[in-house]
Amino acid sequence: MKLTFWLLDVNYEVVREVPEVRMWGLTPEGKRVVIIDRSFKPYFYVVPKEGTDIGKLIVEVGKLVPKPLRVEAVEKKYFGEPLKVLRVTCKIPAHVPKLREEVAKLKYVKDVLEADIRFYMRYLIDNQIYPCAWHEVTCEPLTNRNKWKVDGVFLASSPPKLIESKNDIPELKVMAFDIECYNPKGTPKPARDPVILIATLNSEGEEKVFIAEGRNDRKLLRNFVEYINAYDPDVIVGYNSNSFDWPYLIERAKKLGVDLSISRTGSPPAQSVYGHYSIVGRANVDLYDFAEDIAEVKVKTLENVAEYLGVKRKEERVTIRGSEIYKYWDDPSKREELIRYVLDDVESTFGLAEKILPFAYQLARVVGLPLDQVGAASVGFRVEWRLMREAYIYNELVPNRVERPYSPYRGAIVLEPEPGIHENVAVMDFSSMYPNIMIKMNISPDTYVPPGEEVEDGEVYVAPEVGHKFRKKPDGFYRKVLSKLLKLRQEIRMAMKNVDPRSPEYRVLNERQKALKVIANATYGYCGWVGARWYKREVAEATTAWGRKIIKETINIARSLGLKIIYGDTDSIFVKHEPEKIREFCKTISDKIDLPIKPDKIYVRVFFTEAKKRYCGLLPDGRIDVVGLEAVRGDWSELAKEVQEEIIKIILKERSPEKAVDYVRKVIKELREGKIPLEKLVIWKTLTKDFEEYEVKAAHVIAARKLIKAGYQLEIGDKIGFIITKGPGGKLADKAEPYILVNDYSKVDVEYYVEKQVVPAALRILSYFGVREGQLISEGKQTSLTDFFR
DNA sequence: GCCTTGAAGTTACCG
DNA sequence: ACCGGTAACTTCAAGGCG
């Protein structure tokens, strides 16, 4: 029989000494199915040393233990060069690492390749099967003898085939969940503190709260497990669930002896690659992984992200300080509020899922990693999995991951801006500049010609400044991969024009083209990453070198046409908007440079200081862009950011520095009168390393120490919110207090906020207009007095 | 011992 | 566990002065 299914999850298990790949999915009719393939065997490649007698080596490898099923010579390519290698097939996946080690010991073996690719990924790659995509498979039904939570179990008679044309997303059962823990001693510890509440919300709109009995959460856990199995979700979403909820629940369940069997085979969640938790047959997605990519949100709490995405406004939800949750639990009159709180969280999480999952599906589809892994994998690994898919298609061997020393190289050019206000400025930029350079110049590890190698001048492209050479023919790996990604993206964008923008299909296509763009744009960074399998410094170095040459030429062309250049960064130039000259400019660029350039935006008015990478501009529709300035940085107080943003508005829209000065003075007055909410004084900074590794006493590190003392558990990557208080004086760092421990305005060092936050943020813009610090701080006498006595 | 200065450390941004 | 270029802050130690 034939079966059509959408691939949700994949795993494997060895049954009666036969590895079986299990593909969990949905049919168009909404049946949950698992398709089993028992015909696939794990394998890896062996590269023999030059001049080796292949036949002898085959015999030798065949005698090793664990004994391989098969050893055969195959023709592959390695960095574009044909290479005869041995393909060693094993009985079960566990034999691969063992045999690999034995093989590596052999005298005539140069290298062992592709021995570190997980078995089920090997299967997906070799059969070009993609997560979150539809496939057709010829199979036979089996009896569901293990009582798996599916409507049908099937044995594949041949591997599934991707159906490229079917792009709809089946109706998935999504369940969001969130847990709250008892925390009288700071960060809750599963060995000590019970889970007091679990809230769930599913696609049917069903909302549940599981409530502990006093400090006893055994029944709560059991009911939660029972509920998951009863509802039987396809996708389980949480916020920070891979770092908090799952490990907490697992340890708690272990301690209480509660069976956490929630997978479709009846197994508990298990930690797996990239630190995510895998639930067999379902996709466990941590939405925090995707929230991390939202640059506009600086402190990525669930509340902040939900507000930004228009899911739930902060005013419409209950706010409880995380550290006080236990108080709401202990006080019966406050429990209802805590329940409302956990419901707000689960509703926000579900809302986030509606915004984020459609992109996650397409990212999984493009990258080829299972849905539950693709978010947890870093950008580098996402690119790499796409490359590994391509390598298979081109019969290329996948290079091993090797440790290399960091090796720096020059990057892009940033122009010195023309400070001041400019009217009517067009921003021209090269679209996908680096990918297009790599394609055009055929830059790739496999086309690279090392310095010693003889080659005709006409056969290679030579990178400016650095002199790296790349063969013009044949197409390099990166050229093939990137052209495909960009072409596919263009095709999708064309197709979108014929689709109703409100339709689900449009959304699918749009998310797909975004995923393609993300991967294409990350490929240059990937090739210069020392951890990359396809790393080659010369590839990255040549790409930026050509980028510099191109932007320089572009500047010259613009100048020669009489266009005034105001600024430029990497792949863009800002020029005075003169439509006639710009048309001419675009024509010349396409003639002489032959890379796509387009007007990105036109500013009605744009303002630059002397600094690079920091400016603000007014768009024709009245919106304002702020780039690089304090107002868009996460490590300035909300107050300083707000002041700067308001000044920018006044300057760009009303062109009145005087009004801006009055405004700043008003704010400073309010600040000194204690009328600014404490929350607006919080400064957030990330802990980027362990405490011992810090060489200087930075404010956020001192504040973090104080948090730990108060019982909080902190990790690398946590954002520390602190307020500068009057404290003992001396160093700033000693005056930094964790904001959750500050409740009293009288402790705030108001003058710090005046002098080191509001004034600098304001002057960043206003000093260009001749405004001085003294004009903002009117009570000069007081300041000088305190200065005198200090 | 105090003050100035510049290097170093640190973070977050831009493209 | 994608890159280099950049601004801006604070800390810290060296150097100058007396």
Side-chain angles (χ1 to χ4, degrees), chain A residues 273-275 293 295-296 298-299 376-384 386-387 401 403-404 406-417 427 429-435 438 518-537 539-541 543-545 547-548 551 567-574 600 609-615 625-637 640-641 683-689 693-702 716-717 719-720 724 730-736 752 755-757 760-761 763-764:
Chain A
V273 282
Y274 314 121
D293 295 337
E296 292 85 347
K298 308 297 172 183
V299 183
S378 65
V379 175
F381 289 111
R382 292 177 194 170
V383 170
E384 195 156 77
R386 179 65 254 168
L387 294 177
R401 197 177 297 289
E403 270 199 56
R404 312 182 173 84
Y406 169 68
S407 164
Y409 61 90
R410 275 182 70 195
I413 288 180
V414 188
L415 301 188
E416 219 51 77
V427 183
D429 64 26
F430 287 99
S431 10
S432 303
M433 188 203 230
Y434 285 161
M438 292 170 82
V518 164
I519 298 303
N521 285 345
T523 303
Y524 148 72
Y526 169 86
C527 77
W529 170 42
V530 290
R533 290 177 189 265
W534 277 277
Y535 167 80
K536 189 99 199 141
R537 198 200 75 228
V539 165
E541 198 169 35
T543 305
T544 57
R548 292 192 296 272
I551 205 72
Y567 178 63
D569 185 350
T570 310
D571 58 357
S572 71
I573 59 166
F574 291 50
D600 182 39
T609 67
E610 321 71 45
K612 296 170 175 180
K613 294 185 184 279
R614 321 183 104 214
Y615 57 92
D625 270 348
V626 181
V627 180
L629 294 164
E630 285 74 7
V632 295
R633 290 182 64 97
D635 55 354
W636 283 74
S637 66
K641 290 164 48 160
I683 298 162
W684 295 90
K685 274 198 166 75
T686 310
L687 275 183
T688 61
K689 45 190 154 186
E693 291 173 55
Y694 279 101
E695 295 183 42
V696 292
K697 291 208 290 174
H700 69 299
V701 182
I702 302 288
I716 293 172
K719 277 229 178 359
I720 312 298
I724 301 303
K731 280 188 288 288
L732 179 73
D734 298 321
K735 306 201 292 178
Y752 167 80
E755 288 165 22
K756 301 288 183 178
Q757 290 278 322
L763 286 182
R764 193 81 58 220

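If you're wondering where the values come from, they're calculated on a predicted model, not measured in any experiment.
Side-chain proximity of A:Tyr615 to B:dG9, B:dG15, B:dC13: nearest is B:dG15. Here C:dC9 is the nucleotide among C:dC12, C:dC9, C:dG5 with the atom lying nearest to any side-chain atom of A:Pro760. You'll find that the side chain of A:Arg764 is closest to C:dA8, out of B:dG15, C:dC2, C:dA8. Which of C:dT11, C:dC3, C:dG5 sits closest to the side chain of A:Leu732 comes down to C:dT11. Of the candidates B:dT10, B:dC13, C:dC3, C:dC3 carries the atom nearest the A:Trp529 side chain, counting heavy atoms from C-beta on. The side chain of A:Tyr409 approaches C:dC3 more closely than any other nucleotide in the set C:dC3, B:dT11, C:dT11.
Protein atom CG of A:Asp635 is 11 Å distant from nucleotide atom P of C:dT10, rounded to whole Å. The distance from atom NZ of A:Lys697 to atom P of C:dC12 is 7 Å, rounded to the nearest whole Å. The NZ-C1' distance, from A:Lys689 to B:dA12, rounds to 14 Å in whole Å. Distance NZ (A:Lys735) to P (C:dT10): 11 Å, rounded to an integer number of Å. Between the CD atom of A:Glu296 and the C1' atom of B:dC14 there is a distance of 13 Å, given to the nearest Å. To the nearest angstrom, C1' of C:dA13 lies 12 Å from NZ of A:Lys731. Distance A:Leu629 CG to C:dT6 P: 17 Å, rounded to the nearest Å. When the C1' atom of C:dT6 is taken as reference, atom CD of A:Glu630 falls 13 Å away, rounded to whole Å.
At a threshold of 4.0 angstrom between heavy atoms, the contacts of A:Gly531 with the nucleic acid are absent. Nucleic acid contact class of A:Ala522 (heavy atoms, under 4.0 Å, all strands): base. Within the 4.0 angstrom heavy-atom criterion, only backbone atoms of the sugar-phosphate kind lie near A:Arg410; the bases stay farther away. Nucleic acid contact class of A:Gly411 (heavy atoms, under 4.0 Å, all strands): sugar-phosphate only. Using a 4.0 Å heavy-atom criterion, one finds that A:Val627 contacts the sugar-phosphate atoms exclusively. Using a 4.0 Å heavy-atom distance criterion, A:Phe430 is classed as making no nucleic acid contact. A:Val701 comes within contact range of no nucleotide atom at all, as no heavy-atom separation falls under 4.0 Å. Contacts of A:Phe381 with the nucleic acid, taken as non-hydrogen atoms under 4.0 Å apart, include base atoms. Counting any heavy atom pair closer than 4.0 Å across all strands shown, A:Ala733 reaches sugar-phosphate atoms only and no base atom. A:Tyr567 comes within 4.0 angstrom of nothing in the nucleic acid, heavy atoms only. Across all strands, A:Thr688 comes closer than 4.0 Å only to sugar-phosphate atoms, never to a base (heavy-atom distances). Residue contacts for A:Arg401: at a heavy-atom cut-off of 4.0 Å it reaches no nucleic acid atom on any strand shown. Among the heavy atoms of the strands lying under 4.0 Å from A:Arg614 are primed sugar atoms or P, OP1, OP2 only; no base atom is included.
Between A:Lys756 and A:Lys613, the one whose closest nucleotide on DNA chain C sits nearer the 5' end is A:Lys613.
Remark: A:Tyr406 is in phosphate contact with C:dG4, judged by side-chain N or O atoms under 4.0 Å from OP1 or OP2. Contact annotation: A:Thr570 does not reach the phosphate of C:dG5 (side-chain N/O to OP1 or OP2, under 4.0 Å). Close to B:dC13, at under 4.0 Å from its OP1 or OP2, lies a side-chain N or O of A:Lys298. For B:dT11, the OP1/OP2 oxygens have a side-chain nitrogen or oxygen of A:His700 closer than 4.0 Å.
For A:Tyr406 and A:Trp529, the ring centers sit 6.0 Å or farther from each other. Under the 6.0 Å cut-off for aromatic ring centres, A:Tyr535 and A:Tyr526 do not qualify, their centroids lying 6.0 Å or more apart.
Ring planes of A:Tyr434 and A:Tyr524: tilted class, angle from 30 to 60°.
Environment of NZ in A:Lys756: sparse, with no more than 12 heavy atoms of neighbouring residues, nucleotides or ligands closer than 6.0 Å.
A distance-only check finds a donor-acceptor pair linking the side chain of A:Arg404 to the backbone of A:Val530 [under 3.5 Å]. Remark: the backbone N or O of A:Ser637 is paired with a side-chain donor or acceptor of A:Gln757 at under 3.5 angstrom. Side-chain atoms of A:Lys298 come within 3.5 Å of backbone atoms of A:Val632 as a donor-acceptor pair (strictly under, hydrogens ignored).
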